[in-house]
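We use all heavy atoms of the structure for the numbers below, so side chains are in, but hydrogens, waters and symmetry mates are not.
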Amino acid sequence: MIHYKILKEGEIDQALFRWFFRRQVVNACWRRENGQWLIKDDPFIDDWSEADYQFLVQCLKHTASAGGFVCGGFCDGRLKGFVSVEPGIFGGEHRYLDLSSIHVSADMRGNGIGKALFSAAKAWAREQGAKKLYISAHSAVESQAFYKAMGCVEAKLYQMAHVEKEPFDCQLECELPEIVLRNIKKEEFDRLLPLFPGDEACWQKFRQVRLAQFDAKEVDIYVLETAEGFVGEISVNYVSHELSSETIPNRRVYLETFRLAENYQGVGFGQKLLHFALAELEGRGFTEFTIGVEEDNDVAKHIYGKLGFTEPIDQGHGSEFDPCEYTLYLRKI
């Protein structure tokens, strides 16, 4: 499984790239001739030297320290992909942010890492107030096919500094999706299916239970929504089911079913959704919140601890839809 993480300046060094392989065999590239884009044979091997890696580290450290976005994709603790977006909106009404790099290790291409990193970059850029990403992109046919699949088109306004630095690059842009946080109606529940981890039979059973809870006003569901659909959800239970300590009427609620699409994990959107749900619930007068965390999930315990879920109050075994041993943590305001 790939784990995605925003990288800070102090986490970026040459050792980070020990298991990253840039090598790309190129046979043909896109070239613009007489106002038309044509595919031209141009065989070469694109790889990085030791000096290239040193320069890359300097660039990424600078991006992170300046307030930009650097995110890595890790497999078994080894960096296998990364993306960076520079701070500073430019391009007038286009409101571009510059996607300065995106690469996937040669041994891990074709596994969705590039798509996940690109989606994370788009989501971050949108949060900064940009309307589009700007990409001075490698002109190899395979690279351009990736960018086209991501929704990129030729930039309407060229950034001349990029053109002068890399005259054979293709200057691209990508419109950014709006990110919406809200709770949903019962009629929208089926749109959560892509986030559900089980099979069709399990989904139908889970759906029946959830819709009955909607009818009984026992549950609310908050979502993170983009043009791709629902990419994150948190279910809020007002009635205890497995543990009596989960809820207290009009005072305590249980946060359950916290899911994010893979390409939105590890880059802050889970915390954003959780903050939104908590703020909404606090505004309605709730002062206590519980959440179940598996004991071996140190990352989740750390994140929830920072949000105030620090008091362990009970032990549970999960539901038939998610059987697991967990500790119930309490947050009070």
Aromatic contact between [X] and [Y], with the criterion being ring centroids under 6.0 Å apart: yes or no?
X: His138; Y: Trp30; answer: no
X: Tyr134; Y: His162; answer: yes
X: Phe74; Y: Tyr4; answer: no
X: Tyr238; Y: Phe286; answer: yes

Does a sphere of radius 6.0 Å around [atom1] in [X] hold more than 12 heavy atoms from other residues, nucleotides or ligands, not counting ones at 6.0 Å or beyond?
X: Lys115; atom1: NZ; answer: no
X: Tyr158; atom1: OH; answer: yes
X: Glu175; atom1: CD; answer: no
X: Lys61; atom1: NZ; answer: yes

> Just how far is it from atom CZ of Arg23 to atom CG of Asp107, taken to the nearest 0.5 Å?
Replying inline: 12.5 Å
Can [X] and [Y] be counted as having a side-chain donor-acceptor contact under 3.5 angstrom?
X: Glu242; Y: Tyr254; answer: no
X: Glu178; Y: Thr226; answer: no
X: Ser139; Y: Arg31; answer: yes
X: Glu256; Y: Ser235; answer: no
X: Glu173; Y: Tyr96; answer: yes
X: Gln24; Y: Ser143; answer: yes

> What residues, two or more places apart in sequence or in another chain, satisfy side chain to side chain donor-acceptor pair (under 3.5 Å) together with Glu86?
Replying inline: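 For Glu86, the residues satisfying side chain to side chain donor-acceptor pair (under 3.5 Å) (neighbours in sequence not counted) are Thr63, Ser100.
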>> Tell me whether the rings of Phe189 and Phe206 are parallel (<30°), tilted (30 to 60°) or perpendicular (>60°).
In response: tilted
> So Tyr264 and Phe269, would you call those rings parallel, tilted or perpendicular, with 30° and 60° as cut-offs?
Replying inline: perpendicular
>> Taking Arg22 first and then Asp52, would you say they form a salt bridge - that is, a charged N and a carboxylate O separated by under 4.0 Å?
In response: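 Answer for the salt bridge query: no.
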> Which residues pass the ring pair (Phe, Tyr, Trp, His ring centres under 6.0 Å) test with Phe309, sequence neighbours left out?
Replying inline: none
